[in-house]
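We're numbering straight along the sequence, starting at 1. Predicted model, so just to flag it, every value in this text is computed and none were measured.
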Amino acid sequence: MLSKSNSNLKITLFRCLFVVLLITNSYGQNTTYNQFWNEFQFNQSINKKWATEIDVATAYSSKESSPNLFENTTQRSLRAWGHYYFSPRWKFSAFAAYYNNKDVPEIGQFESPEWRFALQGTYYFHKTGYTLSTRMRTEFRHIKNGDDEFENVFRYRQQIKYIQPINSKFLRAGVVYAIASDELYFKSGAKVTGESFFDRNRLNVGAGYLFTDDFQVELTYCNEYLPRNSGNQTTNAASLTISFNNLFRNLQKKIQDKKHPEAKDEE
């Protein structure tokens with residue numbers, strides 16, 4: 001009975017993702033860009049309840065006259081996170097970030113540096129054989145517009161995410177896993193981001209691999225729809241995310257083990 005319920009939940013989830021993708025692509029897009037996003041995540045646990053994270057990311061984009069994913073560097077960013085694991089199901093997070101949005105007139109983007117702050121809550125539905133989660137994020141964006149003035153923009157993001165291990169029932173070293181997620185964005189009106197309340201829809205599908213418990217790689221395809229006053233935009237992006245857990249602590253431990261191999265033998 002339980003397995004049948006889980007199967008029905010999976011079918012419903014994938015049907016919802018398919019409908020979202022169908023709706024997204026049914027709009028009359030004026031412009032389509034191909035992009036590549038990469039991000040390095042450095043996670044560090046403090047204790048059982050608290051952890052920190054640093055993210056370094058870069059985005060590249062084609063232009064209308066060229067399909068080259070790396071034609072232009074559009075954005076570089078740095079984010080600093082704090083995570084609090086309230087319970088096995090709830091995680092609360094906050095971050096402060098700086099986004100250097102480059103001047104790329106070929107894709108209708110002007111230089112718009114941005115400071116961003118966010119509060120986030122993630123709820124996990126732990127199931128045998130897969131993980132389903134929903135994420136709620138509120139962002140405060142202090143961003144420069146085309147008149148060389150800074151505007152304040154508030155944005156709310158709601159995501160649902162599904163992770164399915166392929167060659168195991170659990171996520172651990174040596175496991176390949178599939179990823180599917182969809183996220184809706186809603187915002188306040190501003191010159192730099194447009195006046196529409198609905199900001200964008202982002203659909204992701206892909207896979208990841210856990211090389212070790214502290215090192216993993218994810219490669220996904222992202223379809224992003226952005227309604228804009230100047231014309232709707234669709235982005236097809238390849239996204240590469242590389243994550244390290246306790247990198248510096250592990251490196252320090254390896255160095256100490258090399259310096260004092262006798263201590264390791266005694267253990």
Side-chain angles (χ1 to χ4, degrees), residues 10 13-25 29 32-43 53-62 67-77 79 81 91 93 95 97 99 118 120 122 124-125 127 129-137 139 157-168 170-185 199-226 233-245:
K10 293 179 186 179
L13 174 63
F14 284 112
R15 282 176 176 172
C16 290
L17 291 176
F18 176 77
V19 169
V20 169
L21 180 61
L22 188 65
I23 292 174
T24 295
N25 284 279
Q29 301 98 356
T32 299
Y33 295 109
N34 301 315
Q35 298 188 352
F36 178 80
W37 307 336
N38 75 283
E39 182 172 273
F40 293 90
Q41 300 177 347
F42 301 90
N43 304 287
E53 179 182 340
I54 299 293
D55 298 339
V56 181
T58 307
Y60 307 89
S61 179
S62 67
N68 183 5
L69 297 177
F70 302 94
E71 185 76 22
N72 299 281
T73 301
T74 61
Q75 184 186 81
R76 298 185 187 277
S77 64
R79 289 188 298 184
W81 290 85
K91 180 177 76 172
S93 308
F95 75 68
Y99 288 79
Q120 176 176 290
T122 307
Y124 296 91
F125 302 86
K127 301 293 183 179
Y130 69 95
T131 297
L132 184 66
S133 64
T134 182
R135 186 181 75 186
M136 300 142 280
R137 180 190 295 180
E139 297 177 331
R157 300 167 57 168
Q158 182 71 52
Q159 182 198 70
I160 185 167
K161 185 174 184 180
Y162 177 84
I163 297 177
Q164 172 74 61
I166 303 299
N167 55 332
S168 174
F170 306 97
L171 291 175
R172 54 181 175 79
V175 170
V176 178
Y177 56 94
I179 310 165
S181 69
D182 190 73
E183 186 168 20
L184 297 172
Y185 294 59
D199 184 38
R200 68 189 65 192
N201 182 83
R202 178 180 290 183
L203 176 70
N204 276 284
V205 290
Y209 180 69
L210 281 156
F211 287 87
T212 70
D213 292 335
D214 293 323
F215 176 54
Q216 68 188 80
V217 174
E218 293 182 357
L219 181 62
T220 61
Y221 160 74
C222 174
N223 177 277
E224 189 172 68
Y225 168 71
L226 297 83
Q233 177 181 318
T234 295
T235 299
N236 297 305
S239 177
L240 176 65
T241 302
I242 301 175
S243 302
F244 301 90
N245 296 325

Side-chain contact test, heavy atoms from C-beta onward, threshold under 4.5 Å: evaluate it for [X] versus [Y] and give yes or no.
X: Glu53; Y: Phe42; value: no
X: Gln120; Y: Thr122; value: yes
X: Thr58; Y: Phe36; value: no
X: Asn236; Y: Thr32; value: yes
X: Tyr60; Y: Gln75; value: no
X: Tyr209; Y: Gln216; value: no
X: Val217; Y: Thr241; value: no
X: Asn223; Y: Thr234; value: yes

Rounded to the nearest 0.5 Å, how far does [atom2] of [Y] lie from [atom1] of [X]?
X: Ser243; Y: Glu39; atom1: OG; atom2: CD; answer: 7.5 Å
X: Phe125; Y: Tyr162; atom1: CZ; atom2: OH; answer: 14.0 Å
X: Asp214; Y: Phe244; atom1: CG; atom2: CZ; answer: 10.5 Å
X: Gln35; Y: Glu71; atom1: CD; atom2: CD; answer: 12.5 Å
X: Leu69; Y: Trp37; atom1: CG; atom2: CH2; answer: 11.5 Å
X: Tyr124; Y: Thr131; atom1: OH; atom2: OG1; answer: 9.0 Å

Under 3.5 Å: donor-acceptor pair, side chain of [X], backbone of [Y]:
X: Asn204; Y: Ala180; value: no
X: Asn72; Y: Thr74; value: no
X: Gln164; Y: Gly129; value: yes
X: Thr235; Y: Ala237; value: no

Verdict with supporting geometry, Asn201 and Asp182, side chain to side chain donor-acceptor pair (under 3.5 Å): CA-CA 7 Å; Asn201 182 83; Asp182 190 73; 3.1 Å; yes
Polar side chain donor-acceptor pair, Tyr225 to Gln233, under 3.5 angstrom: no
Audit row: Val205, Ile179, side-chain contact (heavy atoms from CB on, under 4.5 Å) steps and yes/no: CA-CA 6 Å; Val205 290; Ile179 310 165; over 6 Å; no
Would Tyr99 and Arg76 count as a side-chain contact (heavy atoms from CB on, under 4.5 Å) here? Give the steps. CA-CA 6 Å; Tyr99 288 79; Arg76 298 185 187 277; over 6 Å; no
Quick one: which of Arg200, Arg157, Gln158, Glu224 gives a side chain to side chain donor-acceptor pair (under 3.5 Å) with Tyr185? Arg157
Hey, are Arg202 and Glu183 close enough for a salt bridge, meaning a charged N less than 4.0 Å from a carboxylate O? no
Before giving the answer on side-chain contact (heavy atoms from CB on, under 4.5 Å), spell out for Asp55 and Phe40 the whole-Å C-alpha distance, their side-chain angles and the decisive distance to 0.1 Å. CA-CA 6 Å; Asp55 298 339; Phe40 293 90; over 6 Å; no
Between Leu132 and Ile160, does a side-chain contact (heavy atoms from CB on, under 4.5 Å) hold up when you go through it step by step? CA-CA 7 Å; Leu132 184 66; Ile160 185 167; 4.0 Å; yes
